[in-house]
Amino acid sequence: MSSRNPELSSESAEVPNSNEQPAPPRTNPFLSQPDTPRVLHRQVGQIALPAVLTMLLQTVNGMMDMFFVGHLPTGKEALAATGIGGSVIFLMISLAMGVAAGTTALVARFTGAQQPDSSRYATGQSITLGTMMGVLMGLIMYAGRDALCAVLLNSKADPLAPVLCSQFLSMAIIATLPIFLINVLQSAFRGVGDTRTPLVITSVMIGFHIFCNWLFIYGNLGLPRLEVRGAGLAFMLSQYVGMGLFFWALVRLAPLGEVLKREYLVLQKEWVLRILRIGVPASVQNLVRVFSMMAFNGMLARMPEGAAAVAALQIGIRTEALAFMPGFGYSVSASALVGQSLGAKLPDRAERYAWAANLQAIIVMSVIAVIFYTFASPIVALFTSDAVVRALGVDYLHINAFCEPLLGTAMVLTGALQGAGDTVRPTYITIFTMIILRTSVGYLLMFALSLHTHGAWLTMAVTTIVGGLLTLIWFRMGRWKSIKV
């Protein structure tokens, strides 16, 4: 098979429509083992645990950001500014994850089909696409950062918050290129089933980020005190360090070690289209989430509580990320194992991997939800001394704790669908829940019924529950098993 012909690669990695399932490749350390429930759960955990730990580190990092910024003299305005600035950064991450979704699906499928050269093409093409998109989006967002902050934050009610947000983004947006490339490279590692290398690199990145926060926000070791601008600078520097480490690790990773050769990096139309067929719907899905959350922040900023409501949401989301992290880890595991199983033409095993990952995620996320429901007040108190923000943050955690099992289902099964190359249907679900449902329910509860911020938290809970149920229904239909990538 010529690896330059992606159509031939697609046929060889295609999932058959018949029930015939050949023996898995013996060289694959996962698929060569028996598919008993005990083995499947152990294999899911082996990939998920490093990804969960990676997410835990990122969660701790986010909490440390809130801790450093929350104790500045500007208080709630600084929290609101960096929270909105973080939403803009997540917009960049969401675009990058579109390319990354294609990378994971293709690399996992070719790993299962034992086609290492095709894995290298998928990775190399994704690196070039990520570079081009990262530079372009970085320039656009840097030029429009002031206008964006003014739109997302109510400058009339809280004139300081948009100014601080622009200061943060003036530094953080410079990291758009490494944001794109880190996501692509992480996805390539995960596609081959390696979640340990991203864990090690993320540990170094986060340690460096926290140190730079301490250094630049407060002006330690004789450096100038940059406050919110320093938080953006710390983020930017840590991303460039991470990008360098990922490239260093990539050249040592088999079977992708030769991916930086020119033949893999020069864009080829067939490969680009192949990546984007998977990646564009995934990007749309992520963009819908980001813009929906930005609009939601704008609605909160116009509540009677103003910046306090926005600050409470940032604290709530970062605390809730303690429950997100296992969902993310098991989503990564499901994506890699489903993709590899389909590449080896084992669709039934792919489905069993997905259900095993889903069950483990629900159990872990439910336990964490009970913890932050029980200790909501002291947890929120770690981030702010503002009484209004604390009360709103506690209310957020109490309401959203009940959504975690279905949130886990949505995350894990969406990951499984992405591993299969099915990114279109989850996008439809996201559009319905995050735009149509959230807008209508939010308007009813927040404005028509005058529940204000409490209504906002209820709106988030409703959309999370419905999204989980719809994802579950689509996955059970099984049409993802016959998708070509």
| field | Reported CD-to-CD distance for the pair E270 and Q125, which is rounded to 0.5 angstrom | value | 9.5 Å

| Between S341 and R349, does any side-chain donor sit less than 3.5 Å from a side-chain acceptor? | no

| said: Just to verify, what does T409 make a side chain to side chain donor-acceptor pair (under 3.5 Å) with, not counting sequence neighbours? | reply: N358

| query | Mind checking what makes ring pair (Phe, Tyr, Trp, His ring centres under 6.0 Å) contact with W474, not counting sequence neighbours? | reply | none

| said: Once ring pair (Phe, Tyr, Trp, His ring centres under 6.0 Å) is applied, do any residues pair with F475, and if so which ones, sequence neighbours excluded? | reply: W355, W480

| query | Which residues satisfy the side-chain contact (heavy atoms from CB on, under 4.5 Å) test with T433, sequence neighbours excluded? | reply | I429, V466, L470

| remark: dist I84:CD1 -> F168:CZ (nearest 0.5 Å) comes out at 11.5 Å

| If every non-hydrogen atom of T423 is compared with every non-hydrogen atom of R277, which pair is closest and at what distance? | OG1-O, 4.1 Å

| query | Who pairs with F68 by ring pair (Phe, Tyr, Trp, His ring centres under 6.0 Å), at least two apart in sequence or on another chain? | reply | Y218

| message | One pair to check against side-chain contact (heavy atoms from CB on, under 4.5 Å): R196 and V200. What are the steps and the verdict? | response | CA-CA 6 Å; R196 294 183 181 181; V200 173; 5.6 Å; no

Can you list, pair by pair, the side-chain donor-acceptor contacts under 3.5 Å of residues 179-191, counting residues two or more places apart and other chains?
{"from": "N183", "atom 1": "ND2", "to": "I179", "atom 2": "O", "distance (Å)": "2.8"}
{"from": "S187", "atom 1": "OG", "to": "A100", "atom 2": "O", "distance (Å)": "3.4"}
{"from": "S187", "atom 1": "OG", "to": "T104", "atom 2": "OG1", "distance (Å)": "3.4"}
{"from": "S187", "atom 1": "OG", "to": "N183", "atom 2": "O", "distance (Å)": "2.9"}

| Minimum heavy-atom distance F235-A175, with the two atoms named | CE2-CB, 4.0 Å

| What are the two closest non-hydrogen atoms of A361 and V412, and how far apart are they? | CB-CG2, 3.5 Å

| request: Could you tell me which residues satisfy side-chain contact (heavy atoms from CB on, under 4.5 Å) with F291, sequence neighbours excluded, listed by chain and number? | output: L91, L287, M294

| Excluding sequence neighbours, so at least two apart, what forms side chain to side chain donor-acceptor pair (under 3.5 Å) with T128? | none

| Listed partners of E351 passing salt bridge (charged side-chain N to carboxylate O under 4.0 Å, His left out), at least two apart | K481

| query | Side chains of T131 and L177: does their closest heavy-atom pair fall under 4.5 Å? | reply | yes

| remark: Looking only at heavy atoms, the pair that brings L237 and C212 closest together is CD1-SG, 4.4 Å

| R145 side chain near S170 side chain, heavy-atom distance below 4.5 Å | yes

| task | Using distance alone, with no hydrogens and no angle criterion, decide if R42 and Q33 have a side-chain donor and acceptor under 3.5 Å apart. | result | yes

| query | Passes side-chain contact (heavy atoms from CB on, under 4.5 Å), C149 versus L169? Steps please. | reply | CA-CA 9 Å; C149 293; L169 290 176; 3.7 Å; yes

| query | Of all heavy-atom pairs between A122 and V107, which one has the smallest distance, and what is that distance? | reply | CB-CG2, 4.2 Å

| task | Measure the OG-CD1 distance between S94 and I89 for me, rounded to the nearest 0.5 Å. | result | 11.0 Å

| request: Start with the C-alpha distance between D117 and Y264, add both sets of side-chain angles, then the distance that settles side-chain contact (heavy atoms from CB on, under 4.5 Å), and finish with yes or no. | output: CA-CA 9 Å; D117 202 51; Y264 299 118; 2.5 Å; yes

| field | Non-hydrogen side-chain atoms of M365 and L407 separated by less than 4.5 Å | value | yes

| message | Could you tell me if the side chain of I174 sits less than 4.5 Å from the side chain of Y240, heavy atoms only? | response | yes

| task | Mark yes or no for whether T82, through its side chain, and L79, through its backbone, hold a donor-acceptor pair below 3.5 Å. | result | yes

| query | For the residue pair W271 and Y121, does the interplanar ring angle fall in the parallel (under 30°), tilted (30 to 60°) or perpendicular (over 60°) class? | reply | parallel

| request: Determine the minimum heavy-atom distance between S333 and V44, stating which atoms define it. | output: OG-O, 2.9 Å

| query | Does OH belonging to Y428 count more than 12 external heavy atoms closer than 6.0 Å? | reply | no

| said: Show every salt bridge (charged side-chain N to carboxylate O under 4.0 Å, His left out) that has at least one partner inside residues 413-427, sequence neighbours left out. | reply: D422-R425

| Nearest-0.5 Å distance that lies between atom CZ in R479 and atom CG in L417 | 12.5 Å

| task | Carefully, step by step, assess H209 and V241 under the rule side-chain contact (heavy atoms from CB on, under 4.5 Å). | result | CA-CA 10 Å; H209 185 196; V241 168; over 6 Å; no

| query | Distance from M243 atom CE to L245 atom CG, nearest 0.5 Å? | reply | 10.0 Å

| query | Is any side-chain heavy atom of M411 closer than 4.5 Å to a side-chain heavy atom of F328? | reply | yes

| said: Test your reading of the model: is there a side-chain donor-acceptor pair from S366 to the backbone of I362, 3.5 Å cut-off? | reply: yes

| said: Is there a side-chain contact between S238 and I206 in this structure, where contact means two heavy atoms from C-beta onward sitting under 4.5 Å apart? | reply: no

| Given side chains that start at C-beta, do those of L164 and Q167 come closer than 4.5 Å, heavy atoms only? | yes

Validation: residues 319-326 side-chain donor-acceptor distances under 3.5 Å, sequence neighbours left out:
{"from": "T319", "atom 1": "OG1", "to": "I315", "atom 2": "O", "distance (Å)": "2.9"}
{"from": "E320", "atom 1": "OE1", "to": "Y396", "atom 2": "OH", "distance (Å)": "2.5"}

| remark: Rounded to the nearest 0.5 angstrom, the CD1-CD1 distance for I431 and I435 is 6.0 Å

| query | Among all residues two or more places apart in sequence or in another chain, which pass the side-chain contact (heavy atoms from CB on, under 4.5 Å) test with V251? | reply | L260

